[in-house]
Undergrad: 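I'd like to ask you about the structure that follows.
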Amino acid sequence: MIPLVKVKLFQPFTPIHKWSLPNIPDDIDIYIKRDDMTGSVLSGNKVRKLVFLLCEALATGCQAVITCGEVQSNHCRTTAVAAKQLGIETHLLLRSRSENLSETGRHGNMLLNSLMGASMYLVPIKAQEKTDLEPRMQRLADRLQEEKGMKAYLIPIGGSNVVGLHGYLCGWQELLEQGVTDRFDDVILTVGSGGTAAGVAIGNFLTGSHLRYL
Ligand SMILES: *Cc1c(COP(=O)(O)O)cnc(C)c1O
């Protein structure tokens with residue numbers, strides 16, 4: 001399924017510049033794509049996936065979004081900020097070692113989540129996505145429907161599903177437009193929930209690029 005619409009939430013064409021790293025052989029040049037510069041509070045890679053996810057939430061008439069991650073999750077914070085910009089309510093299930101929100105500290109992403117007015121619920125650190133988090137998100141969605149008559153949109157950890165994947169298919173298109181296939185031999189990515197890597201790998205494959213992907 002190809003999404004038909006998207007929302008504008010970030011600054012595309014993040015710069016690519018030379019990166020000096022220690023202990024790199026002289027004949028290897030390393031460059032970095034600055035996807036930390038996609039926008040001020042939203043900064044980071046997660047927003048590229050949320051463009052498609054939150055658009056689907058709006059298109060299906062959802063007034064709330066529910067997602068999950070660790071207590072200081074960048075994905076959860078980015079969701080809270082982006083949803084706020086679109087007038088969608090955010091509910092976050094956060095894995096934590098403590099059971100009490102006051103013990104998690106109000107700093108970093110937790111501070112931004114509360115500034116955005118996101119509702120936060122702590123879940124055990126060992127909670128598994130399929131068996132624990134998904135059923136809990138569904139129960140919360142049912143409750144929002146019953147108590148507030150609100151339809152909620154569920155987003156998996158990291159926003160990495162088939163819809164979110166389109167963020168980095170477009171990210172790959174952007175890299176092509178920035179001339180990566182002329183300028184480089186390899187692409188190296190970090191992996192968390194895998195959506196970024198999957199989008200770039202599929203884009204690389206489908207466009208028949210010669211770049212080796214690590
Ligand atoms: C989420 C994240 C990643 C990994 O992205 P995934 O799409 O979840 O694999 C890498 N770096 C940073 C800083 C992140 O926040």
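Numbering starts at 1 and runs along the sequence shown. For ligands, and for the atoms within them, numbers begin at 1 and follow the listed sequence.
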Undergrad: Students should be able to answer this: which protein heavy-atom is nearest to atom 10 (C) of ligand 1, and at what distance?
TA: T190 OG1, 3.2 Å

Undergrad: For E134, check salt bridge (charged side-chain N to carboxylate O under 4.0 Å, His left out) against everything at least two apart and list the hits.
TA: K130

Undergrad: State, without any angle test, whether T79 and K46 hold a side-chain donor-acceptor pair at a distance under 3.5 Å.
TA: no

Undergrad: Are more than 12 heavy atoms from other residues, nucleotides or ligands located less than 6.0 Å from atom NZ of K126?
TA: no

Undergrad: Answer yes if the side chains of T67 and H75 hold a donor-acceptor pair under 3.5 Å, and no otherwise.
TA: yes

Undergrad: How close does the nearest protein non-hydrogen atom get to atom 5 (O) of ligand 1, and which residue and atom is it?
TA: N45 ND2, 3.1 Å

Undergrad: Which of the atoms in ligand 1, numbered in the order shown and given with their element, are less than 4.0 Å from a heavy-atom of V191?
TA: 9 (O)

Undergrad: Judged by modelled atom types alone, do K84 and T90 share a side-chain donor-acceptor pair under 3.5 Å?
TA: no

Undergrad: Among all protein heavy atoms, pick out the one at the shortest distance from atom 4 (C) of ligand 1; state its residue, atom name and that distance to 0.1 Å.
TA: G192 N, 3.4 Å

Undergrad: Tell me whether E177 at atom CD has more than 12 heavy atoms from other residues, nucleotides or ligands lying less than 6.0 Å away.
TA: yes

Undergrad: What atoms in ligand 1 come closer than 4.0 Å to a heavy atom of G195?
TA: 7 (O), 9 (O)

Undergrad: Would you say the side chains of N100 and S102 form a donor-acceptor pair under 3.5 Å?
TA: yes

Undergrad: Give the residue and atom name of whichever protein heavy atom lies nearest to atom 8 (O) of ligand 1, and the separation in Å to one decimal.
TA: S193 OG, 2.5 Å

Undergrad: Starting at CZ of R95, measure out to CD1 of I125 and round the result to the nearest 0.5 Å.
TA: 7.0 Å

Undergrad: What residue and heavy atom of the protein are closest to atom 13 (C) of ligand 1, and at what distance?
TA: N74 ND2, 4.1 Å

Undergrad: Distance under 4.0 Å to a non-hydrogen atom of T196: what atoms of ligand 1 satisfy this?
TA: 5 (O), 6 (P), 7 (O)

Undergrad: Where is the nearest protein heavy atom to atom 15 (O) of ligand 1: which residue, which atom, and how far?
TA: K46 NZ, 2.7 Å

Undergrad: For G194 and ligand 1, does the shortest N/O to N/O distance drop below 3.5 Å?
TA: yes

Undergrad: Only heavy atoms of K49, strictly under 4.0 Å: list the atoms of ligand 1 that pass.
TA: 6 (P), 7 (O), 8 (O)

